[in-house]
S.K.: 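A single structure is presented below for examination.
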Amino acid sequence: MTFNEGMQIDPGRASSGGGPGMGGKLALGGGAGGLILLVITLLLGGDPGTVLGNFTGAQSGQQAQPGTAGTPTHCKTGADANKYVDCRVVATAQSLDAVWSAQLPAQTGKQYVEPELVLFTGGVSTGCGNATSDVGPFYCPADQTAYFDTAFFQELTDRFGASAGPLAQEYVVAHEVGHHIQNQLGDIGKAQRDPQGPTSGAVRTELQADCYAGIWANFADEQPSPGGGQPFLKTLSDKDIRDALSAANAVGDDRIQRSAGRGVNPESWTHGSSEQRQKWFLVGYRTGSVQACDTYSARDLDNPPGLR
């Protein structure tokens with residue numbers, strides 16, 4: 001999904017660093033690296049709530065790209081979003097703000113409150129504990145902030161085979177903001193009350209965030225930018241959808257477990273299978289409906305009602 005070149009980026013939408021690490025709270029929506037670590041922790045009988053807090057400090061030898069951490073002042077227009085990954089993250093967040101500011105109150109009666117957006121390199125201190133880039137992108141409910149080390153997107157392509165297309169990356173941002181929507185609607189705690197298994201609250205929480213990412217994709221090429229300007233994004237293409245689905249496929253629990261060299265064990269799942277993640281994204285994309293994304297009431301997560 002390509003941004004309209006003339007749309008204006010607010011570089012102040014993102015900041016660097018994070019709040020004081022508090023620990024003891026589970027961050028949601030970790031990327032491929034975080035998924036692997038969560039899977040291994042669960043396989044070994046560990047507490048997934050402690051995983052994030054165990055990651056302290058930056059990865060050795062990791063180099064920061066210009067503009068990756070901190071306020072990306074070089075991000076000015078949609079043309080920059082089409083060229084630079086950090087600009088794409090910020091512009092996607094702005095697009096998500098516009099879509100959810102309209103859709104959340106219209107569909108739920110709740111006013112949308114923008115989450116904080118932090119770009120970091122190597123490591124960051126958050127309201128959910130200290131984290132390194134190993135965790136991948138994640139949302140911390142304690143400080144209502146989505147955290148991104150943009151180096152993850154290259155890993156998603158090189159290591160896990162996701163498409164390098166822009167909507168594959170934008171889907172990840174939309175998924176993390178989907179967790180913020182869950183936080184606003186009071187659903188996010190269901191993940192910790194039932195933290196693993198093929199029909200667990202954790203899996204349902206992650207699949208719902210995928211569905212919410214699909215809702216954003218449904219409206220993103222129609223929602224005008226602030227001030228009544230042109231939409232943030234150009235019309236969605238079939239290739240764009242394939243890009244998003246490739247990212248959803250890459251971070252399914254079954255695929256992650258195989259890449260970790262272990263057999264597929266649904267009883268340890270925390271995010272859902274690759275097929276489920278793709279299907280629930282499509283539910284949101286095709287319906288544009290928050291109600292259709294009610295994974296908690298779904299009897300069969302493999303066959304979402306919105307796709308029947």
S.K.: Between CD1 of Ile241 and CZ of Phe281, what distance do you get to the nearest 0.5 Å?
M.R.: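 If I round to the nearest 0.5 Å, the distance is 4.5 Å.
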S.K.: Provide the closest heavy-atom pair for Ala102 versus Ala106 in the form atom of the first, atom of the second, distance.
M.R.: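 The pair with the smallest heavy-atom distance is O-CB, 3.3 Å.
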S.K.: Give, for atom SG of Cys75 and atom CG of Asp80, the distance between the pair rounded to the nearest 0.5 Å.
M.R.: 6.0 Å
S.K.: For Glu114, I'd like to know if atom CD has over 12 heavy atoms of other residues, nucleotides or ligands within 6.0 Å.
M.R.: yes
S.K.: Are any of the side-chain heavy atoms of Ser289 and Ile215 separated by less than 4.5 Å?
M.R.: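 Contact flag for Ser289/Ile215 side chains = no.
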S.K.: When you measure from the side chain of Asp10 to the backbone of Gly12, do you find a donor-acceptor pair of N or O atoms at a distance under 3.5 Å?
M.R.: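 Pair found, side chain donor or acceptor close to backbone of Gly12.
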S.K.: If only atom types and distance count, is the side chain of Lys279 paired as donor or acceptor with the main-chain N or O of Asp302 below 3.5 Å?
M.R.: yes
S.K.: Can you tell me how far apart CZ (Arg277) and CG (Asp210) are? Round to the nearest 0.5 Å.
M.R.: 4.0 Å
S.K.: Is any side-chain heavy atom of Leu119 less than 4.5 Å from a side-chain heavy atom of Asp149?
M.R.: no
S.K.: Assess the residue pair Val264 and Arg258 against the criterion (side chain to side chain contact (heavy atoms under 4.5 Å, CB included)); give the C-alpha distance rounded to whole Å, side-chain angles, the decisive distance to 0.1 Å, and a yes or no.
M.R.: CA-CA 6 Å; Val264 175; Arg258 290 190 189 99; 3.7 Å; yes
S.K.: Does a donor on one side chain and an acceptor on the other come within less than 3.5 Å for Gln257 and Trp269?
M.R.: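 Distance-only check passes for Gln257 and Trp269.
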S.K.: Any sub-3.5 Å donor-acceptor pair from Ser268's side-chain atoms to Asn265's backbone N or O?
M.R.: yes
S.K.: Within this structure, what is the CD1-CD distance for the pair Ile9 and Gln94, rounded to the nearest 0.5 Å?
M.R.: 6.5 Å
S.K.: Ignoring hydrogens and angles, tell me if any N or O in the side chain of Gln107 forms a donor-acceptor pair with the backbone of Pro105 under 3.5 Å.
M.R.: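 Side chain of Gln107 to backbone of Pro105: no pair is present.
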S.K.: Within the supplied structure, the quantity of interest is the number of heavy atoms (other residues, nucleotides, ligands) at a distance under 6.0 Å from Gln184 CD; does it exceed 12?
M.R.: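 Buried by this count: over 12 neighbours within 6.0 Å.
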S.K.: Strictly below 4.0 Å, N to O, side chains only: are Arg204 and Asp194 in salt-bridge contact?
M.R.: no
S.K.: Under 4.5 Å between side-chain heavy atoms, hopping through other hydrophobics if needed: is there a path connecting Val113 to Leu117?
M.R.: no
S.K.: Any side-chain heavy atom of Val203 within less than 4.5 Å of one from Thr270?
M.R.: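 They are not in side-chain contact.
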S.K.: What heavy-atom pair brings Phe120 and Ser133 nearest, and what distance separates the two atoms?
M.R.: CE1-OG, 4.0 Å
S.K.: Taking side chain as C-beta onward, heavy atoms only, is Gln196 less than 4.5 Å from Glu267?
M.R.: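 No, every pair of side-chain atoms sits at 4.5 Å or beyond.
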S.K.: Give me the atom names and distance for the closest heavy-atom approach of Pro195 to Ala202.
M.R.: O-CB, 3.4 Å
S.K.: Within this structure, what is the CG-CD distance for the pair Leu245 and Glu275, rounded to the nearest 0.5 Å?
M.R.: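 Taking CG in Leu245 and CD in Glu275, the distance rounds to 11.5 Å.
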S.K.: His74 vs Tyr84 aromatic rings, parallel, tilted or perpendicular, using cut-offs 30° and 60°?
M.R.: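 If you compare the ring of His74 with that of Tyr84, the planes turn out perpendicular.
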S.K.: Run the ring-centre check on Trp216 versus Tyr285 and record whether the distance is less than 6.0 Å.
M.R.: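 No - the distance between ring centres of Trp216 and Tyr285 does not fall below the 6.0 Å cut-off.
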S.K.: Testing His180, Gln182, His175 one by one against Tyr139 for a side-chain hydrogen bond (donor to acceptor under 3.5 Å, both in side chains), which residue passes?
M.R.: His180
S.K.: Apply the test side-chain hydrogen bond (donor to acceptor under 3.5 Å, both in side chains) to residues Asp243 and Ser246: give CA-CA distance (whole Å), side-chain angles for both, the deciding distance (0.1 Å), then the verdict.
M.R.: CA-CA 5 Å; Asp243 288 341; Ser246 76; 5.1 Å; no
S.K.: Determine whether Tyr212 and Trp100 satisfy the following criterion, side chain to side chain contact (heavy atoms under 4.5 Å, CB included), listing intermediate values before the conclusion.
M.R.: CA-CA 10 Å; Tyr212 287 165; Trp100 284 115; 3.9 Å; yes
S.K.: Are the side chain of Gln144 and the backbone of Cys140 linked by a donor-acceptor contact shorter than 3.5 Å?
M.R.: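 A pair under 3.5 Å: no.
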S.K.: Could you tell me if the side chain of Val90 sits less than 4.5 Å from the side chain of Cys87, heavy atoms only?
M.R.: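 Side chain of Cys87 against side chain of Val90, heavy atoms only: no contact under 4.5 Å found.
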S.K.: Measure from the side-chain N and O atoms of Asp253 to the backbone N and O of Pro266, and report whether any donor-acceptor pair falls under 3.5 Å.
M.R.: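 The answer is no, because no donor-acceptor pair under 3.5 Å joins these two groups.
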S.K.: Is it true that Asp86 and Thr150 share a donor-acceptor pair across their side chains at a distance under 3.5 Å?
M.R.: no
S.K.: Taking Lys76 for its side chain and Thr73 for its backbone only, find out whether a donor-acceptor pair lies under 3.5 Å.
M.R.: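 Such a contact is found between Lys76 side chain and Thr73 backbone.
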S.K.: Just so I know, are the side chains of Gln208 and Trp280 near enough to count as touching, which here means a heavy-atom distance under 4.5 Å?
M.R.: no
S.K.: Any cation-pi pair here, Lys190 with Tyr296, using under 6.0 Å and within 45°?
M.R.: yes
S.K.: Please examine the side chains of Thr145 and Thr126, heavy atoms only from C-beta on, and report whether any two atoms are closer than 4.5 Å.
M.R.: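 SC-SC contact between Thr126 and Thr145 ruled out.
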S.K.: Specify the closest pair of heavy atoms between Ala250 and Ile256, including all atoms of both residues, with the distance to one decimal.
M.R.: O-CD1, 3.7 Å
S.K.: Answer yes or no: is there a donor N or O on one side and an acceptor on the other, between the side chain of Arg88 and the main chain of Asn82, under 3.5 Å?
M.R.: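 Yes, Arg88 side chain to Asn82 backbone: donor-acceptor pair under 3.5 Å.
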S.K.: List in chain and number order the residues that pass salt bridge (Lys or Arg N to Asp or Glu O under 4.0 Å) with Asp294, two or more places apart in sequence or in another chain; answer none if no residue qualifies.
M.R.: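 So Asp294 forms no salt bridge (Lys or Arg N to Asp or Glu O under 4.0 Å) with any residue.
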S.K.: Under a 4.5 Å cut-off applied to non-hydrogen side-chain atoms, are Leu167 and Leu236 in contact?
M.R.: yes
S.K.: If you draw a 6.0 Å radius around CG in Asp238, do more than 12 non-hydrogen atoms from other residues or ligands fall strictly inside?
M.R.: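 Atom CG in Asp238 is not packed in, count stays at 12 or less.
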S.K.: Can a salt bridge be assigned to the pair Lys83 and Glu5 using a cut-off of 4.0 Å between side-chain N and carboxylate O?
M.R.: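 Salt bridge absent between Lys83 and Glu5.
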S.K.: Rounded to the nearest 0.5 Å, what separates atom CD in Gln291 from atom OG in Ser297?
M.R.: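 With rounding to 0.5 Å, CD (Gln291) is 9.5 Å from OG (Ser297).
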S.K.: Taking the side chain from Thr108 and the backbone from Leu104, do they hold a donor-acceptor pair closer than 3.5 Å?
M.R.: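 Answer holds: yes.
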